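All of these numbers come straight from a predicted model, not from anything done at the bench. Every number for a ligand or one of its atoms is a count from 1 in the order of the listing.
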Amino acid sequence: MTAAARAAIALIPLALVAIIRIAAAAEPPTAPPGGTCVECHAGLGGELAKPVEAFTRDVHSQRGLGCTACHGGDPTSPDQEVAMSRAKGFRGAPALRDVPTLCGGCHADVVFMKRYAPNLPTDQLARYVTSRHATELARGNPRAAVCSSCHQAHGIVSTRDARSPVYPTRVASTCARCHARPGGQGPVERWERSVHHAALVAGDLSAPTCPRCHGSHGAAPPGVESVPAVCGQCHPRNMQLFRGSPHLSAFEAGSLSACGECHGHHDILHPDDAWVGVGKGAVCARCHAPDDPGGEAAAKLAADLGGATALLRNAEARVEAARERGMLMTDAQVALEDARQQIVQARTLVHAAYPRQVDEQTRQASVASRKALDLASRAFGEIRYRRTGLLVALVVILVTIVALLLQIRVVDARRRQANAGRR
Ligand code: HEC
Ligand code: HEC
Ligand code: HEC
Ligand code: HEC
Ligand code: HEC
Ligand code: HEC
Ligand code: HEC
Ligand code: HEC
Ligand code: HEC
């Protein structure tokens with residue numbers, strides 16, 4: 001082997017390293033990509049420059065995907081005619097109807113997406129085509145929502161980023177761009193009056209926003225038959241009890257909404273015991289007369305709940321009064337908490353519609369309330385006992401003082417007499 005040949009062999013590993021380096025350079029670079037597209041557009045101003053600015057925080061840009069990922073073209077040519085030529089695959093700004101397949105081209109490609117984000121779901125396009133938005137798009141409605149209506153086209157951030165327009169605290173205003181209705185009676189305005197909105201504003205991210213009930217990509221009205229499952233995602237006990245109640249078949253037969261008939265769908269409010277029964281404001285009275293079997297059951301439920309709640313309030317007041325007088329009421333407070341929990345469960349059991357279970361639960365609540373009342377009575381007995389004891393002690397002390405004073409006077413008198421005798 002000649003020296004030249006040996007040198008060539010020695011160079012092979014180096015050459016390999018160089019080849020690997022070149023291949024690695026073809027992998028996504030770390031600096032925001034964009035090439036000449038970004039260079040030229042940054043200087044154009046107005047609508048043509050805005051995408052460049054937004055793109056610096058875009059997830060696609062951060063993963064090394066440039067303008068060409070969506071628009072095609074040649075990002076190496078500084079010449080507009082070349083860079084944006086059809087010959088180089090330039091597609092221009094996609095038309096609304098082409099956006100789902102453009103974004104879906106990557107996002108539904110399981111093999112491609114795995115290289116970047118192995119755990120990111122790839123079902124968005126498949127779900128989207130089932131949505132009401134897709135139907136509207138197919139009909140040519142220019143207001144239909146496509147991927148970029150909810151995620152933006154440039155400046156897309158992770159959906160777990162609080163800046164994302166689909167983040168729980170922001171998504172309702174994204175939907176509201178198209179679903180707000182003047183007059184305050186649209187789904188958005190109604191939802192804003194609900195307990196769910198209040199919980200979200202208070203920081204409870206588990207409270208439902210629009211997509212939690214409608215689906216994000218497959219957004220559609222749930223349909224009356226799926227309402228219990230929609231609400232049951234988070235209120236499973238209510239759903240279970242409703243499904244065991246006589247209302248299940250009656251509501252299905254009448255195409256009534258399982259939870260919505262009594263709670264509404266968007267403006268769901270904090271319920272109240274006054275909802276039960278056949279009196280004014282009671283939801284049962286909307287469908288039941290006082291003398292039909294449903295009405296009779298409602299009246300019995302109202303009486304049980306009302307009775308147990310009144311007893312609890314009374315017990316709470318007595319225990320608090322004893323506590324204010326300095327008595328240690330821990331046991332009574334435990335009993336009160338028990339009664340409160342039993343009543344909370346009784347309210348849920350209203351969904352079974354039959355009084356038997358509620359009756360059982362309210363009875364247990366009343367046992368606990370009575371225990372607390374009993375402890376409060378004992379505490380007041382103790383207070384009385386202590387008060388009498390104090391009185392007796394005071395009298396004894398007083399008598400002792402008087403006796404002492406008398407004794408002092410007697411001693412004084414004797415001393416004076418003795419002094420007089422000495423003189
Ligand atoms: C030398 C400057 C220059 C370069 C390089 C350039 N553009 Fe443009 N681009 C323009 C100008 C000017 C317009 C607006 C006038 C027009 O549409 O021809 C434009 C328009 C566009 C539009 C809107 C077209 C439409 O249909 O509304 C898109 C999208 C676009 N450019 C993307 C790109 C992409 C992607 C690249 C890189 C592959 C690129 N541009 C490279 C100057 C440039
Ligand atoms: C993730 C896909 C995607 C990427 C990446 C992307 N765009 Fe776009 N771009 C779109 C879509 C979709 C539209 C259509 C308008 C819309 O839906 O807002 C658009 C529209 C445009 C327009 C037309 C004006 C406008 O804002 O509607 C220009 C110009 C443009 N893009 C330039 C760029 C440039 C420059 C880059 C790189 C810095 C880029 N785009 C990267 C998806 C993308
Ligand atoms: C060239 C392929 C490609 C195209 C086209 C594309 N994306 Fe992406 N997208 C990706 C990749 C890769 C990621 C990064 C995944 C990661 O790193 O988490 C991503 C991330 C996202 C995310 C963040 C997901 C998350 O929560 O982590 C959203 C939202 C998104 N894309 C929306 C869109 C929209 C809307 C369009 C069309 C306007 C689009 N994408 C077009 C490849 C693409
Ligand atoms: C009507 C609004 C809307 C439309 C249209 C929409 N999305 Fe989304 N997207 C959301 C919401 C809301 C989320 C947040 C997570 C969730 O609820 O699924 C999301 C999440 C995502 C994610 C992250 C998925 C995850 O589970 O982390 C990706 C990727 C995505 N969308 C891509 C797309 C693509 C691609 C399209 C078009 C085919 C599209 N989106 C259309 C509202 C929308
Ligand atoms: C770009 C506008 C736009 C955005 C953003 C948008 N939608 Fe829509 N949506 C529409 C249009 C248009 C329809 C067709 C029916 C209509 O006009 O109400 C529709 C229909 C619906 C329907 C079916 C209504 C029915 O009566 O059948 C639901 C449910 C829905 N959208 C939910 C959502 C949710 C949830 C979001 C946010 C995550 C959202 N939409 C964001 C435009 C939008
Ligand atoms: C707690 C669950 C829930 C939440 C949260 C929710 N919806 Fe609904 N929505 C429903 C149900 C249930 C229906 C009625 C379904 C039916 O009758 O088929 C409905 C119906 C709709 C309809 C069609 C009927 C109409 O009134 O126009 C639209 C549009 C809609 N919702 C949009 C939204 C938007 C936008 C948000 C967010 C502000 C939202 N919804 C929040 C459960 C919900
Ligand atoms: C994504 C989870 C989720 C979904 C779906 C959901 N809720 Fe809620 N709901 C909550 C949270 C969180 C609260 C507030 C915390 C609390 O008071 O329990 C709440 C509160 C309530 C309350 C008030 C409870 C009270 O004691 O004040 C009612 C009534 C209610 N939801 C009914 C419904 C109905 C009806 C549906 C379906 C149309 C529904 N929810 C769908 C999570 C959900
Ligand atoms: C027949 C009317 C009716 C139907 C149907 C109904 N509810 Fe209720 N719901 C009530 C009444 C009445 C109360 C209040 C009970 C009380 O406070 O004494 C209530 C209370 C609630 C509460 C707060 C108390 C608790 O259990 O935490 C939630 C949550 C709730 N309902 C969810 C649902 C869900 C989910 C559905 C559907 C599966 C549903 N409701 C169906 C009448 C109904
Ligand atoms: C949206 C209408 C509606 C509301 C509201 C309603 N019900 Fe009913 N309920 C029905 C229908 C329909 C039936 C089937 C039998 C009938 O026609 O009376 C029924 C049946 C019943 C039954 C079985 C009666 C029997 O024949 O054995 C009971 C018990 C009952 N309801 C209790 C209640 C209670 C308690 C409330 C309030 C928390 C209530 N219902 C609210 C419509 C309603």
Interfacing atoms of ligand 5 (cut-off 4.0 Å, heavy-atom, [X]):
X: Asn141; value: 12 (C)
X: Cys210; value: 35 (C)
X: Ala220; value: 29 (C)

[Y] and [X] side chains, donor-acceptor separation under 3.5 Å:
X: Glu337; Y: Gln341; answer: yes
X: His351; Y: Ser245; answer: no
X: Asp79; Y: Ser77; answer: no

Option nearest [atom] (shortest heavy-atom distance, choices [options]):
atom: atom 41 (C) of ligand 1; options: Cys37, Ser77, Pro78; value: Cys37
atom: atom 25 (C) of ligand 6; options: His179, Arg181, Arg132; value: Arg181
atom: atom 35 (C) of ligand 1; options: Arg91, His71, Glu81; value: His71
atom: atom 36 (C) of ligand 5; options: Pro165, Cys213, Cys175; value: Cys175
atom: atom 5 (C) of ligand 5; options: Thr174, Leu96, Thr209; value: Thr174
atom: atom 9 (N) of ligand 1; options: His41, Glu47, Gln80; value: His41
atom: atom 21 (C) of ligand 6; options: Arg212, His214, His265; value: His214

Before we go on, tell me: are the rings of His263 and Trp275 under 6.0 Å apart, centre to centre?
yes
Got a sec: does the CZ of Arg193 have more than 12 other heavy atoms crowding it under 6.0 Å?
yes
Part of Glu192 with heavy atoms under 4.0 Å of ligand 6, whether side chain, backbone, both or neither:
neither
I'd like to check which ligand 6 atoms, numbered from 1 as shown, lie under 4.0 Å from a non-hydrogen atom of [X].
X: Pro208; answer: 5 (C)
X: Val188; answer: 35 (C), 38 (C)
X: Val227; answer: 12 (C)
X: Pro221; answer: 18 (O)

Under-4.0 Å protein heavy-atom contact, atom 23 (C) of ligand 1:
no
Right, does atom 19 (C) of ligand 6 have protein non-hydrogen atoms nearer than 4.0 Å?
yes
May I ask you to decide whether Arg132 forms a salt bridge with Glu136, counting only side-chain N to carboxylate O separations under 4.0 Å?
yes
Is there an N/O/S atom in Cys178 at a distance below 2.8 Å from atom 8 (Fe) of ligand 5?
no
Output yes when a side-chain donor or acceptor of His214 lies under 3.5 Å from a complementary backbone atom of Ala219, and no otherwise.
no
Donor-acceptor contact below 3.5 Å, side chain Glu189 vs main chain Arg181
yes
Any atoms of ligand 1 less than 4.0 Å from a non-hydrogen atom of Gly72? List them with their elements.
35 (C), 38 (C)
If the cut-off is 4.0 Å to any non-hydrogen atom of Phe90, which atoms of ligand 1 fall inside it?
28 (C), 29 (C), 30 (C), 32 (C), 33 (C), 34 (C), 35 (C)
Among Gln357, Arg237, Gln361, whose side chain to side chain contact (heavy atoms under 4.5 Å, CB included) with Gln345 holds?
Gln361
Could you establish whether Pro222 and ligand 6 come within less than 4.0 Å of each other, counting only heavy atoms on the residue side?
yes
Do any nitrogen or oxygen atoms of Ser149 lie less than 3.5 angstrom from nitrogen or oxygen atoms of ligand 5?
no
Evaluate salt bridge (Lys or Arg N to Asp or Glu O under 4.0 Å) for Lys371 paired with Asp331, printing each intermediate quantity in order.
CA-CA 9 Å; Lys371 182 179 171 197; Asp331 285 351; over 6 Å; no
Do Gly223 and ligand 6 have an N or O pair less than 3.5 Å apart?
yes
Work out which heavy atom in Ser257 is nearest to a heavy atom in Val227; give both atom names and the distance.
OG-CG1, 3.7 Å
Heavy-atom pair of closest approach, residues Trp191 and Leu200:
CH2-CD2, 3.9 Å
Have a look at ligand 5 and work out which part of Val166, if any, has a heavy atom under 4.0 Å from it: side chain, backbone, both or neither.
neither
Compute the minimum heavy-atom distance from Ser216 to ligand 5 and say whether it is under 4.0 Å.
no
Take Glu360 and Arg356 through the test salt bridge (Lys or Arg N to Asp or Glu O under 4.0 Å) and record every step on the way to the result.
CA-CA 6 Å; Glu360 177 60 29; Arg356 191 174 38 78; over 6 Å; no
Counting non-hydrogen protein atoms only, what is the nearest one to [atom]? Give residue, atom name and distance.
atom: atom 10 (C) of ligand 5; value: His133 CD2, 3.4 Å
atom: atom 14 (C) of ligand 5; value: Glu136 CG, 3.3 Å
atom: atom 42 (C) of ligand 5; value: Arg143 O, 3.4 Å

